[in-house]
Each structure stands twice: as C-alpha cells, then as structure tokens.
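Just below is one structure, and these are the notes that go with it.
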Amino acid sequence: VKEDGKNNFQFYAPSMNEIVSKKMQLENGMRKALKQNEFRVVYQPQVEVATGKIIGVEALLRWHHPEWGVISPAEFIPIAEETGLILPIGEWVLHEACLQNKTWQQNGYQPLRMAVNISSRQFQQSNLVEMVRDTLTKTGLHPSFLELELTESIIQDSNQAVHKMQQLRDMGIHLSIDDFGTGYSSLSYLKTFPINTLKIDQTFTRNIYTDPKDASLVDTIINMAHNLNLKVIAEGVETEEQLQFLETKNCNEAQGYYFSRPISAEDLEVILGEEVA
Ligand code: C2E
Ligand code: CA
Ligand code: CA
Ligand code: CA
C-alpha cells in the first residue's frame with residue numbers, strides 16, 4: 001500500500017486497486033472476446049403503434065464470456081469507450097447487424113430497418129462515414145434499411161457533427177437521437193441536426209400511466225417532434241396501458257418488453273414468420 005502522508009488515501013487504496021484491476025480484466029477480456037468471437041448481437045423489435053407491425057429492430061450487443069457468463073453492455077461499453085476498444089467492437093456490431101438484415105431480406109422476410117447504437121467516441125472517429133459506407137458495400141445492405149442511434153453527447157462538437165450527419169443522410173441512412181431528454185443539453189440542436197427520429201428514454205415512458213408529469217412530458221415531446229417533422233419512438237414500453245397512452249398521443253413507434261425482449265436472430269425469425277402467416 002502506498003504511503004503519501006494522507007491516512008485516508010491508504011484506507012481507500014485497496015478498493016481503488018480493485019477498480020483498476022477489474023477494468024484491466026475487462027479490457028483484456030474484450031480484446032480476447034473480439035478475437036475469439038464471444039460477442040453476439042441480439043435484436044429487439046420496434047413496432048408501429050397504429051398497425052402493431054414490426055417495422056424495425058434495434059441491435060444490442062451481448063458478451064458471452066466462457067467463465068464470467070453473460071456480461072451486460074452497461075458494464076463493458078463505458079470501459080470500451082474509455083479504452084477506444086469501442087471502435088473495433090462498434091465496427092463489428094455494425095457489420096454483423098447489416099449482414100443479418102441483408103440475410104433476412106434475401107430469405108424473404110419483410111424488409112426491416114436495422115437500428116445500430118453509435119457511441120460518441122465512435123461518432124467522433126474521423127473515418128466514421130467511410131467505415132459505414134464500406135460496411136454497407138461489403139454486406140450489400142441498402143442504406144435506407146440502416147438507422148444509426150446517436151446520443152445528445154455528440155453535440156459538443158456541433159459543426160463537425162452536423163457535417164457528418166449530413167453525409168450519412170445524403171447516403172440515405174436514417175438518424176435518431178437516443179435517450180432523448182436525458183442529455184442535459186439545450187434543445188436548439190433540433191434546428192440544425194439533420195435527424196429523422198427522437199427516441200423517448202425509458203425513464204419517461206416508465207411512469208406515463210401513473211405520473212401525470214411524465215405523461216405531460218411525453219405528450220409534449222411527441223407534439224414538439226411532430227411539429228418539427230420528426231418521428232417519435234418510445235422505448236421501455238412494458239404494459240398495455242403505456243401502449244394505449246402512446247397510441248392516443250399518436251406516438252409513431254414503440255419498443256419494449258411488452259412486445260419482446262432483445263432476442264437472437266433465430267428467435268426473431270420465428271416471430272416474423274408468424275406475423276406473415
Ligand atoms: P439503449 O441503447 O438505451 O438500449 C435500450 C436498453 O433498454 C437495452 O439494454 C434494452 O435491453 C433495454 N430495454 C428494452 N426494452 C426494455 C423494457 O421494456 N424495460 C426495460 N427495463 N429495459 C428495456 P441493454 O441491451 O442492456 O443495453 C444497455 C445500453 O448499452 C444501451 O442502451 C446502449 O447504450 C448500450 N449498448 C448496447 N449495445 C450497444 C452497441 O452495440 N454499441 C454501443 N455503442 N452501445 C451499446
Ligand atoms: Ca439505443
Ligand atoms: Ca435508449
Ligand atoms: Ca439508455
């Protein structure tokens with residue numbers, strides 16, 4: 001244990017070491033996971049509220065470690081961001097998701113929009129647009145079937161961000177703002193960002209049926225989005241009541257456990273097959 005003259009430093013030292021070593025374990029683990037194919041992508045349906053039809057899916061990353069079991073993205077994505085490993089991991093997810101979507105189309109399933117999460121570090125990467133373009137070329141997926149989910153944190157570098165978003169939009173890709181309303185940012189970016197969709201964060205959706213304030217916020221977000229010609233998707237929909245509320249407010253799309261948890265490609269195919277039948 002280090003001695004630096006401050007008693008309490010010595011006291012906290014072990015837990016600091018524990019945190020650092022857990023991080024290092026996860027970092028090394030992620031490097032290995034990329035090489036040894038331990039990552040998987042699961043898919044969560046996005047449903048058109050008016051028709052109840054599945055019109056898209058969100059790709060969500062899962063890590064199946066041989067000893068540690070399934071590790072939640074909430075645990076490893078922040079460390080992947082810190083270490084830069086999010087760049088190769090994010091590229092892998094994008095490729096996997098685009099390829100899967102193309103495969104579904106080739107196998108005759110209804111055309112779906114594939115939503116992929118892009119972290120702010122990934123978005124800031126200078127070759128992001130080329131990387132996305134290459135991935136679409138390699139997988140053969142038409143850009144109109146890809147949506148990138150961005151968070152409000154990319155606003156920090158606003159001019160750069162708008163330019164990149166415009167390049168992606170020019171290719172025909174859809175853009176959405178994830179976790180809308182949780183980023184502590186001003187709303188003025190809604191005037192300049194060339195986005196298609198706002199995703200209402202699940203912290204607002206959760207209590208729309210029980211808390212009049214959340215109900216009012218969600219109602220307001222939907223109206224504002226529609227006035228700006230944006231679509232709205234509510235995430236974290238778990239109950240019939242929440243869905244009914246969203247329907248009366250003309251929310252465009254919904255996603256959440258009420259419809260389905262994130263599931264494997266094979267399990268999703270079963271649902272898609274039933275929808276057609
Ligand atoms: P997110 O993008 O906001 O994804 C939504 C999260 O809510 C997912 O958690 C999903 O499983 C969960 N969820 C969906 N429906 C419901 C519901 O009805 N109720 C509740 N309580 N939760 C629901 P997950 O898969 O654990 O992912 C957590 C976060 O990790 C994601 O939040 C996203 O920020 C990040 N993430 C996941 N995959 C990727 C990825 O491929 N790339 C990047 N950059 N981030 C990812
Ligand atoms: Ca998301
Ligand atoms: Ca979200
Ligand atoms: Ca979130």
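In each ligand, atom 1 is the first atom listed, and ligand 1 is the first ligand listed. The figures that follow rest on heavy atoms only: side chains count, while hydrogens, waters and symmetry mates do not.
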For this session: For the pair Lys199 and Gln255, evaluate side chain to side chain donor-acceptor pair (under 3.5 Å) and give the outcome as yes or no after the intermediate values.
Result: CA-CA 10 Å; Lys199 285 195 85 173; Gln255 177 183 350; 3.0 Å; yes
For this session: Step by step, work out the side chain to side chain donor-acceptor pair (under 3.5 Å) result for Asp219 and Asn223.
Result: CA-CA 6 Å; Asp219 188 17; Asn223 283 322; 3.3 Å; yes
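Hydrophobic cluster membership of Leu60, counting Ile, Leu, Val, Met, Phe, Trp and Tyr whose side-chain heavy atoms lie under 4.5 Å apart directly or via other members: Val42.
Around the Ca ion (ligand 2), the protein N, O or S atoms found under 3.0 Å comprise Glu58 OE2, Asn117 OD1, Glu149 OE1, Asp178 OD2.
Within ligand 1, counting atoms from 1 as listed, the ones closer than 4.0 Å to a heavy atom of Val237 are 18 (O). When each atom of ligand 1 is checked for a heavy atom of Asp179 under 4.0 Å away, the hits are 3 (O). Near Gly256, meaning under 4.0 Å from one of its heavy atoms, ligand 1 places the atoms 15 (N), 18 (O). The distance from ligand 1 to the heavy atoms of Gln44 drops below 4.0 Å at these ligand atoms: 14 (C), 15 (N).
Taking only nitrogen or oxygen atoms, main chain and side chain alike, Asn117 reaches within less than 3.5 Å of ligand 1. Residue contacts with ligand 1: Tyr257 is placed with a nitrogen or oxygen under 3.5 Å of a nitrogen or oxygen of the ligand (distance criterion only). Checking only distances, Arg62 does come within under 3.5 Å of ligand 1, N or O to N or O. Polar contact check, Leu60 against ligand 1: no nitrogen or oxygen pair lies under 3.5 Å apart. Considering backbone and side-chain N/O of Glu149, none are found under 3.5 Å from N/O of ligand 1. Every N/O-N/O distance between Gln255 and ligand 1 stays at or above 3.5 Å.
Residue Gln202 touches ligand 1 through its side chain alone, judged by heavy-atom distances below 4.0 Å. The residue Asp201 has no part lying near ligand 1, judged by heavy-atom distances below 4.0 Å. Of all the heavy atoms of Val42, none lies under 4.0 Å from any atom of ligand 1, so neither backbone nor side chain is involved. Only the side chain of Ile77 comes within contact range of ligand 1, with a heavy atom under 4.0 Å; no backbone atom does. For Ser119, heavy-atom contacts with ligand 1 shorter than 4.0 Å involve the backbone as well as the side chain. Contacts between Val93 and ligand 1, counted as non-hydrogen atom pairs separated by less than 4.0 Å, involve the side chain only.
In plain terms, the two heavy atoms of Ala254 and Phe259 that are nearest each other are CB-CE1, 3.7 Å.
At least one heavy atom of Pro262 sits closer than 4.0 Å to an atom of ligand 1.
The option with the heavy atom closest to atom 21 (N) of ligand 1, from among Glu58, Gln242, Glu238, Gln122, is Glu238.
For Lys231, the side chain to side chain contact (heavy atoms under 4.5 Å, CB included) criterion is met by Arg113, Thr197, Asn252, Glu253, not counting sequence neighbours. Not counting sequence neighbours, His226 has no partner by the ring-ring contact (aromatic ring centres under 6.0 Å, His included) test.
Between Trp68 and His65, the angle of the ring planes stays under 30°, which puts this pair in the parallel group of the 30/60° scheme. Ring geometry, Phe39 versus Phe76: the interplanar angle falls from 30° to 60°, so the pair is classed tilted.
In this structure a side-chain-to-backbone donor-acceptor pair under 3.5 Å is missing from Gln124 to Ile154. In terms of modelled atom types and a separation under 3.5 Å, the side chain of Glu27 and the main chain of Thr83 share no donor-acceptor contact. The closest donor-acceptor contact from the side chain of Gln122 to the backbone of Ser119 lies under 3.5 Å. A donor-acceptor contact shorter than 3.5 Å is absent between the side chain of Arg261 and the backbone of Tyr258. A donor-acceptor pair under 3.5 Å links the side-chain atoms of Arg121 to the main chain of Glu82, judged by distance alone.
No chain of hydrophobic side-chain contacts below 4.5 Å, direct or via other Ile, Leu, Val, Met, Phe, Trp or Tyr residues, connects Tyr257 to Leu246. In terms of hydrophobic clustering, with Ile, Leu, Val, Met, Phe, Trp and Tyr side chains grouped at heavy-atom distances under 4.5 Å, Ile263 and Leu112 are assigned to a common cluster.
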